[in-house]
Every structure is written in structure tokens, then in C-alpha cells.
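What you are looking at is a predicted structure, and each value in this text was computed from that prediction instead of being measured. Counting convention: from 1, in listed order, for ligands and their atoms alike.
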Amino acid sequence: MVRTIALYTAPDKTARFAVMNTHAKLRIGHSACPHDCPSTCALDVEILDGNRIGRVHGSRDNSYTAGVICAKVARYADRIHHPDRLLKPMVRSGAKGDGQWREASWEAALDLVAERFDRAEAALGSETVWPNFYAGTMGLVQRDGINRLRHAKRYSNIFDSFCTNLAWTGFTMGTGRLLGPDPREMAKSDCVVIWGTNAVATQVNVMTHAIRARKERGAKIVVVDVYDNATMKQADLGLILKPGTDGALACAVMHILFRDDLADRDYLERYTDDPYGFEDHLATRTPQWASAITGLPVAEIEAFARLVGTTKKTFFRLGYGFSRQRNGAVNMHAASCIPTVTGAWKYEGGGAFHSNSDIFKLDKSALEGRRYADPKVRWLDQSQIGRVLTGDAEALRGGPPVTAMLIQNTNPVNVAPEQRLVKQGFLRDDLFACVHEQFMTDTAKLADVVLPATMFLEHDDIYRGGGHQHVILGPKLIDPPEGPRSNHFVIEELAKRLGVAEMRGFGMTEREHIDYMLEKRGLGDFDTMQRDRWADVQPDFETSHFINGFAHRDGKFRFKPDWTGTIAPNRPPESMGPQGPHALLPLYPDHVDLIETADAAHPFRLATSPARSFLNSTFTETDASRGREVRPELMLHPEDAGELGIAGGDRVEIGNARGEIVLHAKLFDGVRRGVVIAEGLWPNSAHERGEGINVLTGADAAAPYGGAAFHDNKVWVKAGPMAREAAAPAKA
Ligand SMILES: Nc1nc2c(c(=O)[nH]1)N[C@H]1C(S)=C(S)[C@@H](COP(=O)(O)OP(=O)(O)OC[C@H]3O[C@@H](n4cnc5c(=O)[nH]c(N)nc54)[C@H](O)[C@@H]3O)O[C@H]1N2
Ligand SMILES: Nc1nc2c(c(=O)[nH]1)N[C@H]1C(S)=C(S)[C@@H](COP(=O)(O)OP(=O)(O)OC[C@H]3O[C@@H](n4cnc5c(=O)[nH]c(N)nc54)[C@H](O)[C@@H]3O)O[C@H]1N2
Ligand code: SF4
Ligand SMILES: [Mo]
């Protein structure tokens with residue numbers, strides 16, 4: 001059989017296709033990328049035999065993936081067949097973290113975990129056990145099944161504040177729902193504004209559709225970011241502002257739109273809560289005012305406003321990055337107000353899109369054992385894991401210390417803020433931690449028991465694409481090596497040992513869970529999905545563009561959000577109380593000074609933006625990704641470096657009240673003076689002293705509903721000790 005398949009996909013360019021002679025042995029299996037990326041690509045995987053894969057390709061038949069995937073997943077064979085994969089359950093045999101292990105059978109390891117959980121519960125009550133998970137896999141069954149065990153056992157809850165909270169809250173405040181124009185419509189836009197997302201690196205398919213608009217319609221691409229990243233290099237207009245100042249930019253743009261009669265007054269009258277009050281409010285938010293806050297020249301603000309004001313079909317693709325600031329929810333809401341002022345929502349190819357998370361509606365109640373969820377059980381904030389594990393009474397919400405954990409799909413010792421506290425917590429002798437992992441991560445290294453996990457091609461699961469509209473099946477395509485077991489297996493086996501396996505929701509296979517969710521949603525079942533590969537659940541034009549009104553009771557878009565309202569999609573439960581400084585949130589979009597403003601002792605602002613070849617802490621184990629990223633670096637403006645006596649390649653020390661770490665300087669003029677960027681996440685062990693970038697980030701809950709402000713840090717920078725003796729990074 002001869003077929004054309006995408007051979008290699010250059011993330012920012014088009015896929016290169018080749019005619020491949022697929023001889024009898026090369027089978028193509030269909031799957032979905034499981035990683036925590038809004039693109040959730042539909043994949044065509046070369047299956048070499050029962051347990052080996054070749055190249056991974058983006059599906060050309062999927063209208064969002066459109067044949068393009070990132071380079072790191074294209075070479076997934078490097079990860080799944082990696083010699084360092086965990087293959088055996090292991091029990092700690094030395095002191096915590098000193099790397100001494102003995103192998104154990106699955107039976108013995110699971111017995112030990114169950115026994116320690118029961119012992120902890122007997123001593124301090126069920127809430128002393130904290131099952132901890134996040135989005136290492138986005139498969140619903142393997143990711144969320146841990147909640148079934150949690151609820152059945154009344155173990156402590158986890159409030160997932162790492163990533164989406166600030167962004168989702170900010171977006172939903174205006175529209176009332178977390179959905180938006182079909183992201184494929186970007187290809188039909190006359191202007192695509194890529195705001196606070198480094199899409200070339202973090203969700204490459206945004207570029208596919210944006211670049212199609214440019215090629216086919218001459219559309220302009222605008223990028224708003226804090227540095228001249230890979231995405232900005234593709235832009236017609238790049239706006240480099242200071243971190244945490246997007247609210248000021250958005251307000252000045254809207255000031256100009258009203259000033260120059262580029263606002264759609266009919267639309268405002270019909271669709272918004274308070275157009276006159278808002279216009280009055282904006283009167284003082286001039287481009288000059290915003291220029292002083294953002295660092296952007298007035299002319300650039302004017303040019304941007306004119307472009308979006310005169311281009312009705314402008315698509316605002318709002319990312320997560322700019323919401324990772326202590327005023328991030330306000331800034332997200334402010335940006336989403338711009339297409340409301342221009343009326344762009346009305347047009348195909350116009351409006352604002354952040355996430356489609358509200359459209360999928362797959363019923364996870366059985367999977368997660370929600371019927372057992374006891375509202376009296378406490379919630380612990382994922383971002384505050386350092387405080388939780390070091391006994392901070394407020395973080396523990398008045399409950400017992402955490403003395404037992406099961407960790408799946410997350411690497412908090414590397415990814416969580418306040419890393420020094422996190423490490424200190426994991427080193428506690430009275431904490432029992434079981435980490436279920438694919439590799440010996442920074443977190444696994446500090447565990448008492450490490451269990452080896454399967455990878456996505458080795459188990460069944462189902463995925464939803466937050467950045468698009470497909471539900472995609474990821475069936476088991478190959479056998480795992482001897483040893484690793486799925487998350488589902490571990491949860492079911494622990495349930496048996498902990499006496500809850502008879503409760504409803506347990507005892508089902510992965511397929512049965514998938515069947516149940518699909519059938520309830522009217523999307524067929526596992527078998528039909530295997531045939532069709534995915535389902536497109538994009539709502540119709542009227543719904544996606546809020547043509548019949550926004551999703552608030554009065555149908556109006558809110559310029560005046562109710563920051564204490566109940567509509568936030570990821571709002572923490574009442575029992576957690578208020579999160580962050582509510583009272584400081586403004587009535588209308590504005591610049592709010594909630595951020596860590598630079599001061600004399602901390603003259604720089606640090607953003608910890610994602611690296612292109614890593615995905616959070618994942619892919620740091622593959623040589624190709626590590627080779628591309630080279631070493632942990634600090635990008636700083638040459639003039640700032642000059643003043644500090646730092647040359648390119650020098651070791652620099654960077655710190656704040658939370659700690660200090662060493663990086664290597666990379667001089668870079670695509671950033672405002674006083675702003676520094678550290679792309680990551682590198683494993684802690686790749687840094688000198690074994691301390692990673694999250695030593696510098698804070699875990700204070702950002703307003704209004706919590707969330708970690710990973711890109712909002714005030715820091716000092718100085719030439720490192722022995723600056724020119726460039727020491728090699730420690731081996732992983
Ligand atoms: N290669 C790669 N891909 C990834 C990830 C990764 O680590 N690496 N992570 C995955 C995950 S979990 C997620 S949630 C998504 C996130 O993907 P994105 O939505 O792209 O969000 P971030 O990656 O946090 O940041 C995006 C950009 O925001 C910029 N930024 C920081 N502060 C500000 C600000 O105040 N204003 C503005 N305008 N820009 C700012 C950063 O410099 C960065 O370039 O990506 C996913 N995809
Ligand atoms: N400084 C800084 N810190 C950040 C960020 C930042 O931009 N800057 N980004 C933040 C964001 S947006 C996020 S979402 C978090 C992400 O934080 P995490 O969710 O912790 O990060 P990942 O690296 O995506 O996944 C963690 C682990 O899941 C494992 N895993 C994958 N699949 C499976 C599976 O099927 N079973 C099991 N048992 N394990 C599996 C992987 O091997 C990996 O080690 O990090 C946050 N931390
Ligand atoms: S990491 Fe993102 S861009 Fe890469 S294959 Fe997965 S979903 Fe697609
Ligand atoms: Mo994330």
C-alpha cells in the first residue's frame with residue numbers, strides 16, 4: 001500500500017509530507033495526545049509490532065489537528081521506549097531522597113501502600129490521607145479515577161489551582177460560559193490576536209489556523225507577550241509589554257475605540273451590561289497612561305487599536321500565560337472585553353476564544369465516585385502543597401497533618417511553587433508518599449514507594465480538546481513492557497485492599513467507564529468511537545458567538561463582573577473561604593496593582609515561560625528535548641546585563657524572599673528592561689544545587705478564586721559566584 005503521510009512537522013511551518021511505502025508490517029494506530037496541552041492532537045501512530053512504535057504523526061483527517069503536531073510528540077518513540085523508564089515497583093531502603101531502593105512485587109508494594117494508608121487513617125482520621133494528582137495525562141479515566149478512591153474513603157480533596165483558575169475565572173466573568181467561536185474559524189479571520197500564549201511552543205495548531213488566514217486572506221497576526229518568543233517571531237505586529245500589565249493595554253485599546261468611534265454602539269446597547277458607565281471609566285485610560293504602565297510606545301498601542309477597531313473579523317486567541325499574574329483574572333476579563341466593544345463576536349472569524357471546556361459535558365460522576373463525596377471533607381490547595389506538607393495551619397484548613405499520599409500524573413517537587421517548602425515537606429519522616437510514575441522524577445526521588453506507570457499507547461482512555469472541540473479516543477495500541485501498570489489498575493487494586501471495591505463505580509474496566517460516559521452524552525460507545533476516531537461537539541454558530549445573548553441571566557456581557565459571583569467554572573468550595581484579596585478587584589477592567597511590583601531590593605520581574613521542547617516537567621528525560629533546550633538559562637536585556645557586569649554565558653544568581661538559584665545568562669534584547677525570562681521547566685537536578693526555578697515562585701492564592709502566579713515574581717539578579725567558571729549542569 002502506498003500512502004501519503006506527514007513525515008515531519010516543523011511546529012511553526014507546514015508539515016512536510018512524503019509518499020511512504022507502507023509495507024505490510026507498518027500499521028497505523030489512531031490515538032490522541034494525552035499531554036496537558038490545549039491542542040489535544042489526533043494522532044496516527046506507526047505501530048512496528050505488538051510493543052514498539054515508530055514515528056507519530058498528526059492526523060490529517062482531523063480538522064483541527066490538520067496533520068500538524070509538535071516535534072516532541074512526533075518522536076514519542078524516544079520517550080515510550082526510553083531506557084530510563086520505570087519498570088519495577090520499588091520501596092525506599094535508605095534515607096528519603098538518597099536513591100536507595102529495593103525492588104518489590106506489585107502485590108507486596110500495593111499491600112504496603114494500603115497498610116500505611118489504613119495506619120495513617122487509624123491514627124489521625126481519613127483526611128490525613130491526601131491523594132494528589134494533576135494533568136500528566138489528560139485521559140479522563142486514568143487522570144480522574146483517583147477521585148473515586150478519594151471520595152469512597154473520605155480522603156482529603158485537592159483544589160486544582162496550578163493552571164486554569166485565573167484564566168477561566170477571568171474569561172467567564174464576561175461571557176458567563178467557557179466556550180467561544182470555533183477555533184477553526186481563525187482561518188476565516190482578517191486579524192488574529194494571539195495574546196499571552198506562546199502558541200508555536202505550547203499549542204502549535206493555533207498557528208496552523210492563524211497562518212492559513214494569513215495565506216488565504218492576507219490576515220494580520222498580532223502577538224501580545226512579555227518577550228519576543230517563537231510566536232512573536234511569526235507576527236506582523238508584536239507587542240512586548242511588562243508582565244502583569246495587559247489590563248492597562250486592553251483599557252487603552254478600548255479608550256481609543258470609543259474615542260475614534262470604532263465601537264459598535266448598537267451591539268453594546270443590545271449585548272452589554274453597562275456600556276455608558278464603561279465608556280466613562282475608560283476616559284482616563286489613555287494610551288499615554290497605558291504606555292507608562294506597560295512600557296509599550298503610544299504609537300504601538302494606537303496601531304493595535306486601529307487594527308482591531310477597523311477589522312471586524314478579529315479573532316482574539318487568549319492564552320493561559322498572561323493570566324499567571326496576581327491580577328491575571330482581571331487582565332483576562334479585560335482582554336475579552338475588546339471584541340465586545342467592537343462587536344466582533346457577531347462575525348464568523350471574530351470574537352474571543354480561550355477554552356471550550358464547557359462544551360463537552362461528559363458525565364464523570366461514576367468514574368469519580370461523586371455520590372460518595374462528603375461536603376464536610378476538607379479541600380487542600382494544590383499550589384500550597386509546600387505549606388500543607390510543612391504543617392501550615394491555614395493551608396491545612398484546621399485539619400490534621402497530611403501523613404500519607406498517593407501521587408499520580410504530577411510532579412509537585414518540580415512544578416509547584418515555593419519549592420523549598422515542598423521539598424522540606426516531602427523529606428518529613430512521618431510522611432508516607434507513594435508515587436506512581438513513568439520516570440524517576442524529582443517527586444518520585446523523594447517517595448517511599450514508587451510504582452511504574454503505563455503510557456497512553458499502552459492503556460485505554462478518552463480525551464477532550466480544551467483548545468478545540470473534539471472528543472478523541474485513545475485505545476490501547478501496544479503492550480507495555482513487563483512491569484508498568486495503569487493508573488486505573490492501581491486505583492482498583494488499592495480499593496480492594498482498602499475495603500471499598502464493592503462500592504458502585506468500582507470493578508468497571510476502562511472500556512466500561514468510556515462506554516458509560518459516551519453513551520450518556522449520546523456519542524455512541526467505545527466501539528463506534530474506535531471506528532470514527534473522534535466526535536466533533538462544537539456548538540452551533542449562535543451558541544459559540546453568543547448571538548442569542550451571553551450566558552448570564554440577563555443575556556448581557558459583563559463589563560462589571562461580579563467577582564464574588566458563583567459562575568466561575570473552577571470555583572473552590574465554600575468551605576475554603578475567600579481566596580486572595582477580593583476587595584482589591586476593580587469594578588471595571590483596569591490595571592490593578594496586585595502584582596509583585598519591582599522594588600529597590602528586587603529590581604527585576606521574572607516570568608517562567610514554558611520551553612518549547614518540554615511540556616511542564618515532561619520530556620525533560622529525552623535527549624532530543626534536553627539537547628534542544630541546552631541548559632537552564634536566564635534571558636536578560638543586554639543593557640541590564642551590562643549594568644550588572646554580566647556577560648552572555650555567565651553564571652548569575654537570581655533570588656527573592658523565597659530563595660535563590662543559579663542560572664546561566666543569555667543576553668536577549670527582545671524583552672523590556674527590568675524583565676527577565678527563564679524558560680522551563682528543567683528538572684531540579686539539572687540546576688546547580690539541585691534547586692529549580694520554582695524556588696522563586698509564590699503560592700499565595702491569587703484573587704478571586706485562587707491560582708498560582710507563576711510568571712509574576714519580583715527578583716534580584718547578580719553576577720554569580722565564579723561567574724565565568726561556567727560549571728556544567730549536574731547530571732539528571
Ligand atoms: N512546549 C510546551 N508546551 C506546553 C507546555 C509546556 O510547558 N511546554 N505546557 C502546557 C500547559 S500545562 C499549558 S497550561 C499550556 C499553557 O500555554 P500558554 O497558554 O501558552 O501559557 P504559558 O505557557 O503559561 O505562557 C504563554 C506566554 O505568556 C507569556 N506571559 C507571561 N506573563 C505574561 C503577561 O503578563 N502578559 C502577557 N501578555 N504574556 C505573558 C509567557 O512569556 C509565554 O510566552 O501549554 C501547554 N503546552
Ligand atoms: N515555574 C513554572 N511552574 C509551572 C508552570 C510554569 O509555567 N512555570 N506551569 C504550571 C502548569 S500550567 C501546570 S499545568 C503544572 C503541570 O504540572 P504537572 O501536571 O505536575 O506536570 P506534567 O509534567 O505535565 O506531568 C507530571 C507527571 O505526570 C506523569 N504521567 C504522565 N502520564 C501518566 C500516567 O498515565 N500515569 C501516571 N501515574 N503518571 C503519568 C509524567 O511522567 C510527569 O512526570 O505545572 C505548573 N508549574
Ligand atoms: S503536546 Fe500539544 S501540540 Fe504536541 S502533539 Fe500533544 S497536543 Fe499536539
Ligand atoms: Mo497547565
Identity and separation of the nearest protein heavy atom to [atom]:
atom: atom 22 (P) of ligand 2; result: T618 OG1, 3.4 Å
atom: atom 23 (O) of ligand 1; result: P610 CG, 2.6 Å
atom: atom 6 (Fe) of ligand 3; result: C33 SG, 2.3 Å
atom: atom 1 (S) of ligand 3; result: L615 CD1, 3.5 Å
atom: atom 2 (Fe) of ligand 3; result: C37 SG, 2.3 Å

Checklist entry - Can A135 be said to touch ligand 2, with heavy atoms closer than 4.0 Å? => result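 Yes, A135 has heavy atoms under 4.0 Å from ligand 2.
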Item to check | Sub-4.0 Å heavy-atom approach of Q382 to ligand 2 | outcome: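 The answer is no: ligand 2 sits nowhere under 4.0 Å from a heavy atom of Q382.
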Just go through [options] and tell me whose heavy atom is the nearest to [atom].
atom: atom 12 (S) of ligand 2; options: H35, R79, R324; answer: R324
atom: atom 28 (O) of ligand 1; options: G244, A167, G321, P38; answer: G321
atom: atom 1 (N) of ligand 2; options: N694, L451, N487; answer: N694
atom: atom 2 (C) of ligand 2; options: T620, T608, L615; answer: T608
atom: atom 13 (C) of ligand 2; options: T137, N616, V141, T410; answer: N616

What do you reckon, does [X] have a nitrogen or oxygen under 3.5 Å from a nitrogen or oxygen of ligand 2?
X: Y134; answer: no
X: T441; answer: no
X: E437; answer: yes

Between [X] and ligand 1, which part of the residue brings a heavy atom under 4.0 Å of the ligand: side chain, backbone, both or neither?
X: R612; value: backbone
X: D246; value: side chain
X: N229; value: side chain
X: Y227; value: side chain
X: C70; value: neither

Checklist entry - Does the shortest distance from atom 6 (Fe) of ligand 3 to an N/O/S atom of H35 fall below 2.8 Å? => result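 Under 2.8 Å: H35 has no N, O or S contact with atom 6 (Fe) of ligand 3.
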Checklist entry - Got an N, O or S from C41 under 2.8 Å of atom 2 (Fe) of ligand 3? => result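 Not a single backbone or side-chain N, O or S atom of C41 is under 2.8 Å from atom 2 (Fe) of ligand 3.
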Should the proximity of [X] to ligand 2, defined as any heavy atom under 4.0 Å, be assigned to the side chain, the backbone, both, or neither?
X: I693; result: side chain
X: Q142; result: neither
X: D36; result: side chain
X: A453; result: side chain

Item to check | K666 atom NZ, over 12 foreign heavy atoms within 6.0 Å | outcome: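 Counting neighbours around NZ of K666, 12 or fewer heavy atoms of other residues, nucleotides or ligands fall under 6.0 Å, so no.
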Checklist entry - Would you say the side chains of H30 and D44 form a donor-acceptor pair under 3.5 Å? => result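 A pair is found: one side chain offers a donor N or O, the other an acceptor, under 3.5 Å apart.
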Next on the checklist: Could you check whether Q384 and E418, counting side-chain N and O atoms only, form a donor-acceptor pair closer than 3.5 Å?
Outcome noted: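 There is no such pair between these side chains.
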Checklist entry - Which ligand 3 atoms does V204 reach within 4.0 Å, using its non-hydrogen atoms? => result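 Those qualifying, in numeric order: 3 (S).
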Item to check | Subset of ligand 3 atoms that lie under 4.0 Å from at least one heavy atom of V73 | outcome: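 Numbered from 1, ligand 3 contributes 1 (S), 4 (Fe), 5 (S), 6 (Fe).
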Item to check | Ring geometry between H35 and Y76 (parallel below 30°, tilted from 30 to 60°, perpendicular above 60°) | outcome: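 Tilted: the ring planes of Y76 and H35 meet at 30° to 60°.
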Next on the checklist: Distance under 4.0 Å to a non-hydrogen atom of H436: what atoms of ligand 2 satisfy this?
Outcome noted: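 Those atoms are 37 (C), 38 (N), 39 (N).
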Checklist entry - With a 4.0 Å cut-off on heavy atoms, does K72 reach ligand 1? => result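 Yes, K72 has a heavy atom closer than 4.0 Å to ligand 1.
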Next on the checklist: Name the residue from W195, F322, Y320 that meets the ring-ring contact (aromatic ring centres under 6.0 Å, His included) definition with H354.
Outcome noted: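 Going through W195, F322, Y320 one by one, the ring-ring contact (aromatic ring centres under 6.0 Å, His included) with H354 is satisfied by Y320 alone.
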Checklist entry - Can an N, O or S atom be found in C70 less than 2.8 Å away from atom 4 (Fe) of ligand 3? => result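 Given the 2.8 Å cut-off, C70 counts as a ligand of atom 4 (Fe) of ligand 3.
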